[in-house]
Participant: 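Sharing a structure with you now.
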Amino acid sequence: MAKWHGFGRCKTRLSKDIGKINSAKVQSVMTKHTISVAKFLQETKQIDISIAISGLGVRNCRRWSRELGIKKFNLQGKGCLGEKMKRQIIINKKFCTKEKIKNIIFIGTDLPDLCHQDLLNTLKFLQHNDLVLGPSNDGGYWLIGLSEKIMSSHMYLPFINIKWGTENVLQKTIDNFAFTKLKYKFLDKKIDIDTIIDIENRK
């Protein structure tokens with residue numbers, strides 16, 4: 001899930017402290033880092049990358065995707081984060097079925113500390129769990145991995161009754177599973193970069 005790093009169109013909270021040009025550069029660097037980590041696993045045929053883009057039209061999305069070296073892209077579309085992720089599941093479901101891909105993993109692009117081991121752990125955990133979550137410092141999550149079981153019959157479960165952008169997104173997501181027999185697993189907590197304080201806390 002990536003947002004175009006246009007001037008004044010991304011990292012608005014961070015731009016108040018470091019300026020719009022610098023915040024756009026930070027977003028660009030983090031996006032490229034996320035993709036480079038994912039490509040490491042794609043080259044060994046462990047995953048297939050699809051980038052979901054917001055902030056650009058179809059033609060510019062195609063151009064940016066090509067610049068990033070990614071063949072498959074989609075527009076995020078309108079709505080809250082949950083609606084955007086559900087849309088990507090629906091869009092990619094046919095491709096996953098055709099290519100016999102069992103799991104879908106969503107990764108944000110606000111994470112300079114993402115490494116390939118995070119994705120390897122996610123793939124490993126999804127072998128024995130229905131949901132994998134990477135908790136973030138702001139109460140949300142930086143990664144969510146969905147198993148074939150969730151995509152086939154519980155697709156909406158991780159995304160309902162959640163106020164996105166609040167500090168209890170992760171807890172609400174877990175609450176949605178409270179009365180089911182679905183299993184979930186956590187990755188290590190990481191810092192999403194949204195403010196200057198987030199950058200300072202990484203030191």
Participant: Report the C-alpha distance between Leu123 and Ile105 in whole Å, list the side-chain angles of each, state the deciding distance to 0.1 Å, and finish with yes or no for side-chain contact (heavy atoms from CB on, under 4.5 Å).
Facilitator: CA-CA 9 Å; Leu123 292 173; Ile105 302 171; 3.8 Å; yes
Participant: Check the pair Thr173, Tyr184 against side-chain contact (heavy atoms from CB on, under 4.5 Å), reporting the backbone distance first and the verdict last.
Facilitator: CA-CA 11 Å; Thr173 303; Tyr184 55 87; over 6 Å; no
Participant: Can you establish whether the number of heavy atoms outside Tyr156 located under 6.0 Å from its atom OH is more than 12?
Facilitator: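 No, not enclosed.
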Participant: Between the main-chain N or O of Ser147 and the side-chain N or O of Asp130, is there a donor-acceptor pair closer than 3.5 Å?
Facilitator: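 Between the backbone of Ser147 and the side chain of Asp130 there is no qualifying donor-acceptor contact (under 3.5 Å).
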Participant: Does some side-chain heavy atom of Trp64 sit less than 4.5 Å from a side-chain heavy atom of Thr31?
Facilitator: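 Counting from C-beta outward, Thr31 and Trp64 do come under 4.5 Å.
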Participant: So, does Gln88 use its side chain to make a donor-acceptor pair with the main chain of Glu83 at under 3.5 Å?
Facilitator: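 Checking the backbone N and O of Glu83 against the side chain of Gln88, no donor-acceptor pair under 3.5 Å is found.
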Participant: Got a donor-acceptor contact below 3.5 angstrom from the Gln76 side chain to the Ala52 backbone?
Facilitator: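 Indeed, once roles are kept as given, a pair shorter than 3.5 Å links the two residues.
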Participant: Kindly indicate whether the side chain of Ile144, heavy atoms from C-beta on, has any atom under 4.5 Å from the side chain of Met85.
Facilitator: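 In short, these two side chains touch, coming nearer than 4.5 Å.
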Participant: Once rounded to the nearest 0.5 Å, what's the spacing between atom NZ of Lys16 and atom OG1 of Thr195?
Facilitator: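 One gets 11.0 Å once the value is rounded to the nearest 0.5 Å.
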Participant: Rounded at 0.5 Å granularity, tell me how far CG in Asn129 sits from CZ in Phe186.
Facilitator: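 CZ of Phe186 is found 10.5 Å from CG of Asn129.
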Participant: Do Ile89 and Phe159 have side chains that get closer than 4.5 Å, going by heavy atoms?
Facilitator: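 Yes, at least one pair of side-chain atoms sits under 4.5 Å.
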Participant: Checking side-chain contact (heavy atoms from CB on, under 4.5 Å) for the pair Leu120/Lys124: CA distance, chi angles, key distance, verdict?
Facilitator: CA-CA 6 Å; Leu120 289 172; Lys124 183 176 79 171; over 6 Å; no
Participant: Is it the case that more than 12 heavy atoms not belonging to Ile21 sit under 6.0 Å from its CD1 atom?
Facilitator: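 Counting other residues, nucleotides and ligands, CD1 of Ile21 stays at 12 neighbours or fewer.
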Participant: Does a side chain donor of either Asn176 or Asn161 reach within less than 3.5 Å of an acceptor in the other side chain?
Facilitator: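 No, Asn161 and Asn176 have no side-chain donor paired with an acceptor closer than 3.5 Å.
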Participant: Please determine whether the number of non-hydrogen atoms from other residues, nucleotides or ligands lying under 6.0 Å from atom CD of Gln46 exceeds 12.
Facilitator: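 Atom CD in Gln46 is crowded, with more than 12 foreign heavy atoms closer than 6.0 Å.
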Participant: Working to the nearest 0.5 Å, report the span between CD1 of Ile107 and OG1 of Thr34.
Facilitator: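 Rounded to the nearest 0.5 Å, the CD1-OG1 separation comes out at 7.0 Å.
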Participant: Find out whether Asn60 and Ile53 are in side-chain contact, i.e. whether some heavy atom of one side chain is under 4.5 Å from a heavy atom of the other.
Facilitator: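 No - every pair of side-chain heavy atoms lies 4.5 Å or more apart.
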Participant: Looking at every non-hydrogen atom in both residues, tell me the closest pair between Ala2 and Ile51 and how far apart they are.
Facilitator: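 Ala2 and Ile51 have their closest heavy atoms at CB-CD1, 3.8 Å.
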Participant: Tell me if a side-chain donor or acceptor on Ser28 pairs with a main-chain N or O of Lys25 at a distance below 3.5 Å.
Facilitator: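 No; zero donor-acceptor contacts below 3.5 Å.
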Participant: Out of Met1, Lys3, Gln27, which one pairs with Thr109 under the side chain to side chain contact (heavy atoms under 4.5 Å, CB included) rule?
Facilitator: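 Exactly one candidate clears the test, Gln27.
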Participant: Look at the side chain of Arg87 and the backbone N and O of Leu75, then say whether any donor-acceptor pair between them is shorter than 3.5 Å.
Facilitator: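 Side chain of Arg87 to backbone of Leu75: no pair is present.
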Participant: Where do Asp48 and Lys72 come nearest, in terms of heavy atoms and distance?
Facilitator: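 Closest pair (atom of Asp48, atom of Lys72, distance): OD2-CD, 4.4 Å.
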Participant: Considering only heavy atoms from C-beta outward, does the side chain of Asp113 approach that of Trp142 to under 4.5 Å?
Facilitator: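 No. Closest side-chain heavy atoms not under 4.5 Å.
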Participant: Check whether Ile104 and Ile150 end up in the same hydrophobic cluster, where Ile, Leu, Val, Met, Phe, Trp and Tyr are linked by side-chain heavy atoms less than 4.5 Å apart.
Facilitator: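 They do share one cluster, since a chain of ILVMFWY contacts under 4.5 Å joins Ile104 to Ile150.
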Participant: Between Asn121 (side chain only) and Asp118 (backbone N and O only), is there a donor and an acceptor less than 3.5 Å apart?
Facilitator: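 No.
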Participant: Between Asp110 and Lys11, does at least one N-O distance fall below 4.0 Å, as a salt bridge requires?
Facilitator: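 Yes.
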Participant: Side chain of Gln42, backbone of Ile49: donor and acceptor closer than 3.5 Å?
Facilitator: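 A pair under 3.5 Å: yes.
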Participant: Rounded to the nearest 0.5 Å, what separates atom CG in Leu157 from atom CG in Leu146?
Facilitator: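 CG of Leu146 is found 10.0 Å from CG of Leu157.
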Participant: A side-chain contact here means heavy atoms from C-beta on lying under 4.5 Å apart; do Asn74 and Asn92 qualify?
Facilitator: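 SC-SC contact between Asn74 and Asn92 confirmed.
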Participant: Is the backbone of Asp198 close enough, under 3.5 Å, to the side chain of Asn201 for a donor and an acceptor to pair up by distance?
Facilitator: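 Not a single qualifying donor-acceptor pair exists.
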Participant: Identify the two heavy atoms, one from Leu131 and one from Pro158, that lie closest to each other, and give their separation to 0.1 Å.
Facilitator: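 Of all heavy-atom pairs spanning Leu131 and Pro158, the closest is CD1-CG, 4.5 Å.
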Participant: Is any side-chain heavy atom of Tyr141 less than 4.5 Å from a side-chain heavy atom of Leu187?
Facilitator: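 No, side chains not in contact.
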Participant: Checking the side chain of Ser65 only, and the main-chain atoms of Cys61 only, is there a donor and an acceptor separated by less than 3.5 Å?
Facilitator: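 No, Ser65 side chain to Cys61 backbone: no donor-acceptor pair under 3.5 Å.
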Participant: Testing the basics here: between Ser23 and Cys10, what is the closest heavy-atom pair and its distance to 0.1 Å?
Facilitator: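 Minimum heavy-atom contact is OG-O, 3.9 Å.
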Participant: Does NZ belonging to Lys20 count more than 12 external heavy atoms closer than 6.0 Å?
Facilitator: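 No - once you tally the heavy atoms of other residues, nucleotides and ligands closer than 6.0 Å, there are 12 at most.
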Participant: List the atom of Val169, the atom of Gly165, and the distance in Å for their closest heavy-atom pair.
Facilitator: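 Minimum heavy-atom separation between Val169 and Gly165: CG2-N, 3.8 Å.
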Participant: Within this structure, what is the CD-CG distance for the pair Gln117 and Asp188, rounded to the nearest 0.5 Å?
Facilitator: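 So the gap between those two atoms works out to 10.0 Å.
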Participant: Under 3.5 Å, side chain of Lys149 to main-chain N/O of Leu182, donor-acceptor pair present?
Facilitator: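 No: the side chain of Lys149 does not pair with the backbone of Leu182.
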Participant: Starting at CD of Glu148, measure out to CG of Leu126 and round the result to the nearest 0.5 Å.
Facilitator: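 These two atoms lie 11.5 Å from each other.
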Participant: For Leu111, which of Asp192, Val37, Ile191 qualifies under side chain to side chain contact (heavy atoms under 4.5 Å, CB included)?
Facilitator: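 Single pass found, and it is Asp192.
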Participant: Please indicate whether Ile90 has more than 12 foreign heavy atoms, meaning atoms of other residues, nucleotides or ligands, lying under 6.0 Å from its CD1.
Facilitator: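 Atom CD1 in Ile90 is crowded, with more than 12 foreign heavy atoms closer than 6.0 Å.
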Participant: Is the shortest side-chain heavy-atom distance between Ile199 and Leu14 below 4.5 Å?
Facilitator: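 Counting from C-beta outward, Ile199 and Leu14 do come under 4.5 Å.
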Participant: Determine, using the 4.5 Å side-chain heavy-atom cutoff (strictly less than), whether Val132 and Leu81 are members of one ILVMFWY cluster.
Facilitator: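 Each belongs to a different hydrophobic cluster.
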Participant: Crowded around Lys102 NZ? As in, over 12 foreign heavy atoms under 6.0 Å?
Facilitator: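 No, because the 6.0 Å sphere around NZ of Lys102 holds 12 heavy atoms or fewer from other groups.
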